[in-house]
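Everything on this sheet refers to the single structure shown next.
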Amino acid sequence: MNDYLKFTLSLARKAGSLLKTGFTLKKDISLKNGRELVTEYDLASEKLIIEAIRREYPGHCIMAEETLTHEISKGYCWIVDPLDGTNNYAHGFPVFAVSLALALDQEIILGVIFDPLRDEMFYTEHGYSFLNGDRIRVGAQKRLMDSLLATGFPYDLTADNENNLDLFMKFSVQALGLRRAGSAALDLAYVAAGRLDGFWELKLKPWDMAAGSLLVKNAGGIISGFNGKDWTIKTDRIVAANPHIHNQMMKIIAS
Ligand code: IPD
Ligand code: CA
Ligand code: CA
């Protein structure tokens, strides 16, 4: 196991443990950008992660959701979502994760997503994806009508018509089931693990997707934009699925 992976796994576990401790406690919660919640644990987790990266890799850039740059520069850059699923977390709904990715020249080379409540560590190594040490692969489902899909909705749902409700309706009648669990990082990890057959969402941020994108790719899945082009760090509308389902999802998105 290389040093970056060892470091990232240990860091995700530390941040996850902090989030787990705070989960059942009363927390300070504030609002950002109108409708988005931030808890004191988003900030504490981000601080812990940033300090550890700065200590270990002082020359690396860090993109972090709450307090640092949202730009990614060349060279090594960490992409940090200290708590994905904040709305769930603030409500005591047990679906959230820490998501850490490392990019080199804007290409994701390492992805780790840790769910501390289930003690599930999803990570990539040597071109493959793993969950707690076991290889994971995308599901083998061939037909959209037999598929379990997931999605999410942007925070500005009521302010902008581009809010995913049209696609939600279309996929509702085409798939076997839809889930909206509230953590894009875990949605992607679940596609990689074959627990979900596909996932789509729009207006996501790099830190929601960076680690999950590589997990899906290395588990044999396809991750693209709504235009069908390969996912990059700049893509904010994504479709991730096994190759059969991806193809069928793209037809619906294009229709
Ligand atoms: C959110 C979650 C959610 C998605 C939102 C994201 P946050 O991230 O991933 O599933 O629907 O678009 O912003 O704010 O909990 O880190
Ligand atoms: Ca997020
Ligand atoms: Ca977050």
Side-chain angles (χ1 to χ4, degrees), residues 11-12 15-16 18-20 22-23 27-50 62-70 78-101 108 111-117 122 149-160 162-165 167-168 171 178-192 195-196 198-213 215-216 223 225-226 231 233 235-240:
L11 186 54
L18 184 149
L19 295 179
K20 188 176 174 181
F23 184 58
K27 336 175 212 314
D28 284 343
I29 300 174
S30 48
L31 268 181
K32 64 173 183 186
N33 311 325
R35 278 172 64 90
E36 294 185 49
L37 304 183
V38 192
T39 75
E40 60 184 297
Y41 290 94
D42 292 76
L43 301 172
S45 171
E46 182 156 310
K47 184 164 181 284
L48 180 156
I49 293 166
I50 291 171
I62 309 175
M63 175 200 273
E65 178 179 8
E66 307 298 346
T67 57
L68 288 187
T69 178
H70 290 172
W78 295 84
I79 304 170
V80 176
D81 193 334
L83 165 48
D84 186 61
T86 296
N87 209 341
N88 289 342
Y89 189 82
H91 285 85
F93 185 87
V95 179
F96 62 88
V98 180
S99 177
L100 301 174
I108 312 298
V112 170
I113 294 174
F114 181 52
D115 171 351
L117 293 184
F122 298 87
L149 306 182
T151 190
F153 297 93
Y155 284 103
D156 65 355
L157 180 72
T158 51
D160 186 350
E162 208 190 346
N163 56 16
N164 199 23
L165 289 174
L167 281 177
F168 189 78
F171 279 117
L178 291 188
R179 298 292 177 264
R180 192 280 194 249
S183 163
L186 282 180
D187 289 334
L188 288 166
Y190 284 13
V191 170
R195 294 174 179 176
L196 290 168
F199 169 69
W200 86 93
E201 190 163 346
L202 44 89
K203 297 185 185 168
L204 285 177
K205 300 286 200 263
W207 46 84
D208 298 316
M209 304 171 282
S213 69
L215 275 161
V216 169
I223 175 154
F226 278 15
W231 182 90
I233 198 69
T235 312
D236 69 345
R237 301 151 152 253
I238 71 155
V239 190

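Each ligand, and each atom within it, is numbered from 1 in the order the structure gives.
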Heavy-atom check, side chain of W207 versus side chain of I79, under 4.5 Å: yes
Can you label the angle between the Y89 ring and the F96 ring as parallel, tilted or perpendicular, going by 30° and 60°? perpendicular
Hey, is K203 touching ligand 1 through its side chain, its backbone, both or neither, going by heavy atoms under 4.0 Å? neither
Considering heavy atoms of the protein only, find what lies nearest to atom 6 (C) of ligand 1 and give residue, atom and distance to 0.1 Å. D208 OD1, 3.9 Å
As an exercise, identify every atom of ligand 1 less than 4.0 angstrom from a heavy atom of S183. 9 (O), 10 (O)
Any N or O of N87 that comes nearer than 3.5 Å to an N or O of ligand 1? no
Per side chain to side chain contact (heavy atoms under 4.5 Å, CB included), L188 is matched among L196, L215, I223 by I223
Heteroatom distance test (A184, ligand 1): nitrogen or oxygen, under 3.5 angstrom: yes
Is any side-chain heavy atom of D208 closer than 4.5 Å to a side-chain heavy atom of K205? yes
Where on F96 is there a heavy atom closer than 4.0 Å to ligand 1, on the side chain, on the backbone, on both, or on neither? neither
How does K205 reach ligand 1, if at all, at less than 4.0 Å between non-hydrogen atoms: by side chain, backbone, both, or neither? neither
Set out, in order, the CA-CA distance, both residues' side-chain angles and the distance that settles side chain to side chain contact (heavy atoms under 4.5 Å, CB included) for L167 and F226, then state yes or no. CA-CA 12 Å; L167 281 177; F226 278 15; 3.7 Å; yes
Give yes or no for whether the N/O distance cutoff of 3.5 Å, strictly under, is met between G85 and ligand 1. yes
Per-atom contacts of ligand 1 with L204, taking only distances under 4.0 Å to non-hydrogen atoms: 12 (O)
Any heavy-atom pair between the side chains of R195 and R179 that's under 4.5 Å? no
Is L117 close to K20 at the side-chain level, that is, under 4.5 Å between some pair of heavy atoms? yes
Between L83 and ligand 1, is there a nitrogen or oxygen pair with a distance under 3.5 Å? yes
For ligand 1 and G152, I'd like to know whether there is a polar contact (N/O to N/O, distance under 3.5 Å). no
Can you find an N/O atom of E36 closer than 3.5 Å to an N/O atom of ligand 1? no
Does V95 offer a backbone N or O that forms a donor-acceptor pair with the side chain of N88 under 3.5 Å? yes
In Å, rounded to the nearest 0.5 Å, how long is the span from CZ of F168 to CZ of F153? 4.5 Å
heavy-atom search around atom 13 (O) of ligand 1 in the protein gives Y155 CE1, 3.2 Å
R180 to ligand 1, any heavy atom closer than 4.0 Å: yes
So which heavy atom on S183 is nearest to which on G85, and how close? CB-CA, 4.4 Å
Minimum-distance protein heavy atom relative to atom 5 (C) of ligand 1: E201 OE2, 3.8 Å
I want to know if ligand 1 touches T86 in the polar sense, i.e. an N/O pair below 3.5 angstrom. yes
Which residue supplies the protein heavy atom nearest to atom 9 (O) of ligand 1, what is that atom called, and how far is it? D84 OD1, 2.7 Å
Within the 4.0 Å heavy-atom cut-off, what N88 brings close to ligand 1 is neither
Sort by chain and number the protein N/O/S atoms found under 3.0 Å from the Ca ion (ligand 3). E65 OE1, D81 OD1, L83 O
Quick test: of every protein heavy atom, which one is nearest to atom 3 (C) of ligand 1, and how far off is it to 0.1 Å? G182 O, 3.5 Å
If we only count heavy atoms from C-beta on, is the L37 to L31 side-chain gap below 4.5 Å? yes
By number and element, which atoms of ligand 1 are closer than 4.0 Å to a non-hydrogen atom of E65? 14 (O), 16 (O)
Assess, by modelled atom type and distance only, whether the side chains of S99 and D84 contain a donor and an acceptor separated by less than 3.5 Å. no
Could you tell me if the side chain of L186 sits less than 4.5 Å from the side chain of F122, heavy atoms only? yes
Report yes if the side chains of L19 and F114 come closer than 4.5 Å at any heavy-atom pair, otherwise no. no
Keeping H70 on the side-chain end and M63 on the backbone end, is there a donor-acceptor pair under 3.5 Å? no
